[in-house]
Asker: 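I have a structure I would like to understand better, so I am pasting it below and will then ask my questions one at a time.
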Amino acid sequence: MSARGSPYASGPPSGRGDKTPEGANPLRRTSDRLECWLCRVLMAVLVVGLPTAAVSAGLASYEVSMRTVRAQAADRHQVTARLTARVKNDDELAKRPARVRWTDADGNVHGATALVKSGTPKDATVRVWVTRDGTVTGPPVSTLNATTSGWMVGGMAAVGVAAGSYAARAGIRLVLDRRRYARWDAEWDLVEPQWSARFRR
């Protein structure tokens with residue numbers, strides 16, 4: 001029998017009957033293709049959504065903070081007040097509450113409690129922040145606080161989008177893997193008796 005007619009002849013296998021498209025993997029399952037496409041969608045969401053969410057959330061937070069900055073700047077101002085009693089010296093506290101008194105632009109005398117440096121003597125003058133109605137308050141929020149808030153919120157939004165994409169990717173992989181394992185088990189239940197029968201002959 002010649003080598004040409006032998007079923008074990010060397011050489012590349014015949015291409016007849018091979019209908020696999022060029023570049024396609026015959027071992028690739030439908031779930032593999034589905035997973036690939038879903039991962040591409042998630043990647044697009046990550047690439048487009050992450051900067052969009054970060055910038056949008058950061059700007060929104062900045063605008064809200066700036067409205068607070070403008071409102072507090074319009075409502076609060078500093079006045080020069082005088083201590084009505086000596087403030088006890090306390091090494092543990094940098095500031096202690098103390099009674100102060102001041103006169104507004106209309107000549108009205110106001111009295112309130114403010115935080116004053118420990119050890120400040122009686123009748124010393126201090127600068128305190130007050131609202132239009134004469135209530136002692138803290139200093140207004142600065143533009144630096146608004147900028148910092150915008151960056152923080154934007155960063156948190158970016159982290160949230162990244163974490164959400166990662167969680168979605170892990171969830172998709174988990175669901176598809178469970179279906180794959182279930183199919184493998186079902187197919188093995190069909191093949192295993194035939195495969196193991198060879199060793200019982």
Side-chain angles (χ1 to χ4, degrees), residues 12-76 92-95 97 115 129 131-132 135-200:
S14 172
R16 289 175 296 180
D18 186 4
K19 299 186 181 299
T20 303
E22 184 178 355
N25 186 350
L27 299 179
R28 198 175 192 189
R29 299 160 296 190
T30 303
S31 61
D32 296 328
R33 290 190 289 271
L34 177 62
E35 181 180 359
C36 180
W37 279 106
L38 289 175
C39 287
R40 290 179 181 177
V41 172
L42 288 176
M43 182 59 66
V45 170
L46 187 64
V47 171
V48 177
L50 189 147
T52 302
V55 172
S56 300
L59 288 177
S61 175
Y62 176 77
E63 288 299 327
V64 170
S65 299
M66 283 304 299
R67 284 198 291 270
T68 303
V69 169
R70 289 188 286 268
Q72 291 186 357
D75 183 62
R76 302 180 185 186
E92 296 181 359
L93 298 175
K95 291 186 176 182
L115 290 176
W129 285 94
T131 60
R132 290 181 178 179
T135 303
V136 175
T137 185
V141 179
S142 67
T143 55
L144 177 61
N145 297 118
T147 303
T148 303
S149 175
W151 279 104
M152 288 184 62
V153 172
M156 292 173 62
V159 171
V161 172
S165 299
Y166 177 80
R169 170 72 176 84
I172 291 170
R173 186 73 178 271
L174 180 63
V175 171
L176 292 177
D177 281 347
R178 285 183 175 177
R179 294 189 62 183
R180 290 164 182 156
Y181 293 146
R183 290 190 61 182
W184 287 343
D185 289 340
E187 292 175 0
W188 181 248
D189 289 341
L190 296 175
V191 174
E192 191 275 335
Q194 303 174 13
W195 178 79
S196 60
R198 297 182 305 167
F199 302 99
R200 293 196 292 267

Asker: Grab the two heavy atoms, one from V69 and one from A146, that are nearest each other, plus how far apart they are.
Answerer: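 Scanning both residues completely, I find the closest heavy atoms to be CG2-CB, 4.4 Å.
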Asker: Measure from the side-chain N and O atoms of S61 to the backbone N and O of A57, and report whether any donor-acceptor pair falls under 3.5 Å.
Answerer: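 Pair absent, no side-chain N/O of S61 close to backbone of A57.
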Asker: Taking atom CE of M43 and atom CZ of R169, what is their separation to the nearest 0.5 Å?
Answerer: 9.0 Å
Asker: Any donor-acceptor pair under 3.5 Å linking the side chain of R132 with the backbone of A74?
Answerer: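 Between the backbone of A74 and the side chain of R132 there is a qualifying donor-acceptor contact (under 3.5 Å).
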Asker: Return the CD to OG distance between Q72 and S142, rounded to the nearest 0.5 Å.
Answerer: 10.0 Å
Asker: For residues T52 and V48, report the shortest heavy-atom separation together with the two atoms involved.
Answerer: OG1-O, 2.7 Å
Asker: Locate the shortest heavy-atom distance separating A158 from L50; write the atom from each residue and the value.
Answerer: O-CD1, 3.7 Å
Asker: What's the shortest heavy-atom distance between L34 and L176, and which atoms?
Answerer: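 Closest approach of L34 to L176: CD2-CD2, 4.1 Å.
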Asker: Just checking R179: does its CZ atom have more than 12 heavy atoms from other residues, nucleotides or ligands closer to it than 6.0 angstrom?
Answerer: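 Atom CZ in R179 is not packed in, count stays at 12 or less.
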Asker: Rounded at 0.5 Å granularity, tell me how far CG in N145 sits from CE in M66.
Answerer: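 N145 atom CG to M66 atom CE measures 10.5 Å (nearest 0.5 Å).
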Asker: Let me confirm one number: the CH2-CG distance from W129 to D75, rounded to the nearest 0.5 Å.
Answerer: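 Answer rounded to 0.5 Å: 11.0 Å.
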Asker: Using distance alone, with no hydrogens and no angle criterion, decide if T137 and T131 have a side-chain donor and acceptor under 3.5 Å apart.
Answerer: no
Asker: Quick one: are P139 and R76 in side-chain contact, heavy atoms under 4.5 Å?
Answerer: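 No, side chains not in contact.
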Asker: Count the heavy atoms of every other residue, nucleotide or ligand shown that sit under 6.0 Å from CZ of R70, and state whether that count exceeds 12.
Answerer: yes
Asker: Closest approach of A162 and L46, non-hydrogen atoms and distance?
Answerer: CA-CD1, 3.8 Å
Asker: If you count the non-hydrogen atoms of other residues, nucleotides and ligands that lie under 6.0 Å from CH2 in W37, is the total more than 12?
Answerer: no
